[in-house]
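None of these values were measured; they are calculated from a predicted model. Index from 1, following the sequence.
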Amino acid sequence: MQHHVPAPATGDGGPPPQSGANGTAGPAHPPGHRPHYLTDPQTLFTWLPLAAATALWLYALPRVDYRHMGDWGLLDKLPAAFFLSLAVLTAGFVVSLRRAGTAPWWPALYSVALLFALKAPPAILYDSVRYPWASKHDAVVTHLLVNQELRPNTPLSGNMAAYDQWPGFFTLNSALVRAFGVQTTQSYLNWAALFYGVVLIPVLVLLYRTFAEDWRLVWTGVWIFEAANWVGQDYFSPQGLALILHLSVLAVVLRHFVRPGSAGELRSRDRLDPAAASVPPPTTARQRAVCVAILAPLIAAINFTHQLTPVMLCVSLLALNLTRRYRNPGLLVVTGVIMLIWDLTMGRDLFVETLGSLKESVGNLLNNSRAGYAGELTGPGPVLQGRADIVMVLVVAALAAFAVLTRRRLLKSALPLLLVSVAPVPMFAVNDYGGEMLFRVYLFGLPGAAFFAAAALVPAPGGRGGRGGPGRTRERAGLGPGLRLGPRTRRRAAAVALPAVLLALVAGFLPAYYGKERMYYTPPAETALVTKVIDEAPRDSLILAATGSFPMALHRYDQLEHWFFAEQALPDNIRMLKDPAGFLLPGLPKDGRPAYVLLTRTQDIYTAGEGLLPPGGFAQLTAKLSASPLFEVVERSGYGTVLRYRGAGGR
């Protein structure tokens, strides 16, 4: 349900004048003049940048030399036309905001175009899976198709048992593989980021329209979310699907769970920010109970799909219960019960293991907020990506904080959205989630942060005075007493700040998303080498590798054992490099089972970029293991070295 304020009537009873992005009226045509729609000046300057940006992007795409990436990842392989296309696209989006109130499909088209411009290149260009670890999700789907059963209580190496315990995403894709008539998900998994992004747009619009009538604010929030969503959790993974379900539940709650009599003064337009939407109509206890019953299957689907997202949903609903407007313990209880039922049945093994680790992780903020492994990023691209990530977080947080401080009336009505955004932050005090809690907290907090960041850039509509005079106008705009900026000053500042910040965020996305791209692209020849070795390995063989971040690393994971022996702190790996064969010997099979060591090009790049091994460490590791009498070289190429364990008598 959307809530609109009646548009002010014009003097002749016709439609109101077009409002520009800075609140000024658009140009009027002479009486009797009826220009063609596409050549009308306003329309022309709306669609022309989109067409120009598309042409530039299409021209640049085949010129992206992704096969020869160096230390800067994909950044120095993108042609100038690619960067120009993003600049033109951003300028066109800002122009389209002038007509957002009457033609919101224009900023919608620009938002979809931005999504494609930023995330489509790998899907279109790459001849292999982006993110080598995404191939393990394809392996799970293959496992389900072959075995036709779930085995949640079967121990599996590589922590793969968790996928049988939360199999929703994988069972869905098993059905899609059958429906599409393809052999594996590798034929479409690179498109996951685009699919998730397009589906998220209407969910975000629904969320933002709950608290804002101003379409400029809504679409600017969507744009900022897309530009700031560098976190990389929207690849072919359960988290991407679970986030969509999570935000869908919150959208329903925020629109249909308002308690009667709880809105108070927010029912009056005079008490709201000019851009704010009226509080949704209240619902009775019976209506909310019906909504709980409708949401229960969706909440169950979240639990069926992902282990962390139900926790994030619970803390978000708990935060909403702190407000009088959304105090509904019933939904929180139902959500918690569904989560516990799943955790104590299908997910019991991992749930018990996690509870056992809480003694060490609870309160360990420094460790829980770490990003990945204990190494430090090395190389120009990875270092730049790490810094760009931090800058992007700080910029979005600073913009959101500015809006919270200066648009207090908007904050008062949109407080529930702020609460669900900050609710995941305390998770830092609980667990590190394998070095990914930092990224997950950012991901779940980004939708609300993007909305408030947009509010810092898009001035409140109006500013023509009205009841109470200029001072009253400033108060209605939500500005604090110390920030007495007139409407004209605010519009001028926004006219500069809006395009500048949006362009800066788009520019920041590129290093934040593509700085490590050399780790993420794997030549098909390397994939073929790994696949051949693993396919030929006898059942119950042990597969060793420095890290699991290489293609097909967990292929046949239900039939083989795995040991990624360099996924530890750098000091431990430095000690390991003194005698790698001696380090591996205690973990090698003593019962005659075969063991293979796979040392590939992607592992070399990954361990160096993530700081798991010192400079030249991977070459040293390969040379020492190849020279050890414990191993024999069975295959060597420019894409990797394959060693076979000779057995206990090899030394």
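Using a distance-only test at 3.5 Å, with no hydrogens or angles considered, no donor-acceptor pair links the side chain of D65 to the main chain of K77. Side-chain atoms of Y66 come within 3.5 Å of backbone N or O of L125 as a donor-acceptor pair. The closest donor-acceptor contact from the side chain of N321 to the backbone of R327 lies at 3.5 Å or more, if one exists at all. Using modelled atom types, one side-chain atom of Q385 and one backbone atom of A512 make a donor-acceptor pair closer than 3.5 Å. Formation of a donor-acceptor pair under 3.5 Å by the W57 side chain with backbone atoms of A117 is found in this model. With hydrogens and angles disregarded, no donor-acceptor distance shorter than 3.5 Å links the side chain of Y110 to the backbone of L89.
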Decide yes or no on side chain to side chain contact (heavy atoms under 4.5 Å, CB included) for T220 and L502, but give the supporting numbers first.
CA-CA 9 Å; T220 303; L502 295 187; 4.3 Å; yes
field: Residues C291, T283; criterion side chain to side chain contact (heavy atoms under 4.5 Å, CB included); working and verdict
entry: CA-CA 10 Å; C291 284; T283 52; over 6 Å; no
- Do M339 and C314 pass the side chain to side chain contact (heavy atoms under 4.5 Å, CB included) test, and can you show the C-alpha distance, the side-chain angles, and the key distance before you say yes or no? CA-CA 9 Å; M339 180 179 68; C314 282; 3.9 Å; yes
- Query: Are K516 and L377 close enough, and set up right, to give a side chain to side chain contact (heavy atoms under 4.5 Å, CB included), and what steps lead you there?
  - Reply: CA-CA 10 Å; K516 293 182 181 179; L377 297 176; 3.6 Å; yes
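Annotation: Y188, atom OH; neighbour count of heavy atoms from other residues, nucleotides and ligands within 6.0 Å is above 12.
E517 and Y126 form a side-chain donor-acceptor contact under 3.5 Å, judged by distance and modelled atom types alone.
Within the 4.5 Å cutoff, side-chain heavy atoms of W219 are placed close to those of I201. Taking 4.5 Å as the limit, every side-chain heavy atom of V252 sits out of range of all side-chain heavy atoms of L298. Looking at L498 and L97, their side chains come closer than 4.5 Å, going by heavy atoms from C-beta outward. Using a 4.5 Å heavy-atom threshold, the side chains of I299 and L245 count as separate. Residues F195 and L241 have side chains not in contact (no heavy-atom distance under 4.5 Å, counting atoms from C-beta outward). With a 4.5 Å cut-off on side-chain heavy atoms, P238 and Q307 do not count as touching. P416 is listed as a side-chain neighbour of F211, based on a closest heavy-atom distance under 4.5 Å. You'll find the side chain of V64 reaches within 4.5 Å of the side chain of P79, heavy atoms only.
The two residues W191 and I124 come nearest to each other via the heavy atoms CH2-CG1, 3.6 Å. D273 approaches R409 most closely through the heavy-atom pair N-CB, 3.6 Å. Across all non-hydrogen atoms, the minimal contact from T309 to F444 is OG1-CZ, 3.7 Å. Scanning all heavy atoms of the two residues, the minimum distance from W106 to R99 falls at NE1-NH1, 3.9 Å. Of all non-hydrogen atoms in G232 and Y131, the two that sit nearest each other are CA-OH, 3.8 Å. P499 and T90 make their closest contact through O-CG2, 4.3 Å (heavy atoms, listed as atom of the first residue, atom of the second, distance).
Distance check: Q239 CD to E436 CD gives 9.0 Å after rounding to the nearest 0.5 Å. Taken from CG in D234 to CG in L194, the straight-line distance is 8.5 Å, to the nearest 0.5 Å. Put simply, CZ on F451 and OG on S421 are 10.0 Å apart, with the number rounded to the nearest 0.5 Å. For the atom pair CG (L243) and OG1 (T305), the distance works out to 12.0 Å, reported to the nearest 0.5 Å. In this structure, L505 CG and L510 CG are separated by 11.5 Å, a value rounded to the nearest 0.5 Å. Here H256 contributes atom NE2 and Y326 contributes atom OH; the two are 10.0 Å apart, rounded to the nearest 0.5 Å.
The aromatic ring centroids of Y520 and Y514 lie 6.0 Å or more from each other.
None of P107, S111, P202, P447 except one satisfies the side-chain contact (heavy atoms from CB on, under 4.5 Å) rule with V222; the exception is S111.
The aromatic rings of H137 and Y235 sit parallel to each other, their planes meeting at less than 30°, with 60° as the upper class boundary.
Salt bridge K119/E226: absent, no basic N to carboxylate O contact under 4.0 Å.
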